[in-house]
Amino acid sequence: MIYYLILPLFCLLLIVVQTAISDILFFGKIGIEISLVVTIYAGFRLDVLRGGLLCLSLGFLLDCMSGSISGFYTLIYILIYFVSMLASQRVVPDKLIFIGFFSLLCVLFEALMILVMHPLIYEGDIFRHVVNTSIPQALVIGIISPAVFTTFRRVEIVLGGRNAYPIK
Amino acid sequence: MLFPRKYQRIIIACILLVISLIILSYGVKQPEEPGVPRRLILETSAPLINVLNSSFRTMSEVWERYLFLVGLEEENRRLKKENARLVSEVIKYREGYLESSRLQKLLELSENIEYPSIAARVIAKDQASINKTILIDRGTAHGIRVGLPVVADQGVVGRTIETTWHASRVLLLIDENSNIDALIQGSRVQGILQGSSPAGCSLKYISKTETINAGDVVLTSGLAGMFPKGLLLGVVQRADKTDSGLFQKIAVTPLVDLSRLEEVVILLIHKDNPK
C-alpha cells in the first residue's frame with residue numbers, strides 16, 4: 001500500500017530532478033531520461049500492476065512536465081514497459097552490457113514512436129530534431145543505465161524487497 | 001483478485017494500455033484544456049523545480065567561482081611575474097636614462113675641454129683602504145699613461161697612477177699622497193691641494209696674510225704641468241688662521257662626489273705641454 005502512496009511523489013521527484021539535471025548539464029538540449037531507465041527496470045523487475053502504474057505515472061508526469069499532449073509519453077512508456085517485460089521473460093538481465101544496450105535500443109524505440117505518433121497529432125516535420133536529440137540521448141542512457149540499475153538493485157535490497165539476483 | 005490469475009497480467013496490461021489511450025485521446029481532443037490533474041501536477045512541480053534549479057544553479061555558481069578563483073590565483077601569479085619583469089625593465093630603462101644623462105654631461109665636458117680625452121667607466125672603488133683609488137676600464141691600449149688627469153663633470157677626480165692594457169688605477173684627490181697645484185679663484189692665491197680626512201682636502205702653503213673665505217672656489221693652477229689650468233677642484237669649507245705656523249689651515253671640499261662616481265674622463269695631455 002505504501003508503494004502506491006509514495007509512487008506519485010517518487011515519480012514527481014524523479015521527473016523534476018531529471019529535468020533539472022538536464023537543464024544544468026546539457027542546457028535542456030539533451031534529455032537525461034532516467035524515467036525511461038526506471039520504466040525498463042520496472043519491466044524487468046516489478047509485477048505488472050506495480051510496474052504498469054509506475055510507468056503510467058511516469059509517462060503522464062513527463063507529459064505534464066514536457067508540455068507535450070497528455071497521453072503521448074504515457075502511451076510510449078507503457079509500450080516500453082511491455083517490451084521490457086516481454087524481454088525479461090526471454091532473457092535474464094544480469095549483465096551490465098546487456099542493460100546498457102537494451103536501454104539504448106529502448107531510447108531509439110521511443111524516438112521511433114515519437115516519429116510515428118507525432119505526425120498523427122501535431123503538424124510539422126520533427127525528423128531532424130528527433131534524430132539530433134535521440135542519438136546522444138541514447139548514448140547517454142546506454143552509459144548511465146547500468147549504474148542506475150545497480151543503484152535500484154541496491155535500494156531494493158536495502159528496502160527488503162525480493163532477493164536480488166546479481167548484476168555482473 | 002477480480003480476474004483469473006492466468007489472465008491477470010494480460011488484463012492489467014490491457015487496462016493500462018486502454019487508460020493511456022484514453023488519456024491520449026482526451027489530450028488530442030482538447031489540447032488547449034490542460035485538465036485538473038495536469039494543472040495540479042504543474043502547480044506542485046513548479047516550486048520544486050524552482051528550488052532544485054536554484055540549488056543546482058547555486059552549486060554551479062559556487063563551482064564556477066571556485067574555478068574562477070583557481071584561474072584568478074594563476075592569473076595573479078602570472079601578473080606578479082610580469083610586474084616583476086616590468087619593474088626590472090623600468091629600472092633598466094631608468095638606469096639607461098641616468099647613464100645617458102651622465103654620459104651627456106661627460107660629453108659636454110669633453111667638448112668644453114680643449115684637450116683630447118677619453119671616457120672611462122669606474123669598475124672598482126677602493127676608498128676604504130689606505131690608498132683612496134678607483135679602477136677604470138681604460139688602459140694603455142686606449143692611450144692611458146701614468147700621471148694623466150682624471151676629471152668628472154663637476155671637477156677634478158685625481159690622476160692615473162698605475163696602468164695595465166685595459167685598466168688603470170686613479171689616485172683620488174682626497175688621498176693623502178695626492179698633491180695638486182691649486183689657486184683660489186677670487187684672490188688668485190696659489191697653494192698645494194693635498195688630500196686629507198676621509199673625504200676632503202686641505203689647501204696648503206697659503207700665507208696668513210691672505211684673506212680666504214668659506215665658499216671660495218679652488219681651481220688647478222697648471223703650474224706643475226700635471227693638470228691643465230682652470231679645472232675645478234673644490235670649494236673652501238673653512239680657513240683657520242689661529243694655528244701657530246706661517247700658513248693658514250684651509251679645508252677644501254671636493255666638488256666631485258667621489259662616492260657616486262661612475263664615469264670619468266681622462267685628459268690625454270702631455271706633461272710637458274699642458275697648455
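In what follows, chains carry the letters A, B, and so on, assigned in the order in which the sequence lines appear, proteins first and then strands, with residues in each chain numbered from 1. Values below: all heavy atoms of this structure, side chains included; hydrogens, waters and symmetry mates excluded.
Proximity to chain B (any heavy atom under 4.5 Å) is shown, for L75(A), by both the backbone and the side chain. At a 4.5 Å heavy-atom cutoff, the contact between L13(A) and chain B is made by side-chain atoms alone. Contacts of L120(A) with chain B are absent, with no heavy-atom separation under 4.5 Å from either backbone or side chain.
Every pair passing salt bridge (Lys or Arg N to Asp or Glu O under 4.0 Å) that includes a residue from residues 81-92 of chain B is listed here, sequence neighbours excluded: R78(B)-E82(B), R85(B)-E89(B).
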Apply side-chain contact (heavy atoms from CB on, under 4.5 Å) to residues L16(B) and L49(A) and explain how you reach the verdict.
CA-CA 9 Å; L16(B) 289 171; L49(A) 189 61; over 6 Å; no
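Rounding to the nearest 0.5 angstrom, the gap separating the CG atom in L21(B) from the OG1 atom in T74(A) is 10.0 Å. In this structure, CD1 on I19(B) lies 8.0 Å from CD1 on I78(A), to the nearest 0.5 angstrom.
More than 12 heavy atoms of other residues, nucleotides or ligands lie within 6.0 Å of OH in Y4(A), so this atom counts as buried by the packing criterion. For E74(B), the CD atom counts as loosely surrounded, since its 6.0 Å shell holds 12 or fewer non-hydrogen atoms of other residues, nucleotides or ligands.
Annotation: residues 54-62 of chain A contacts chain B through L56(A), F60(A), L61(A) [non-hydrogen atoms, separation under 4.5 Å].
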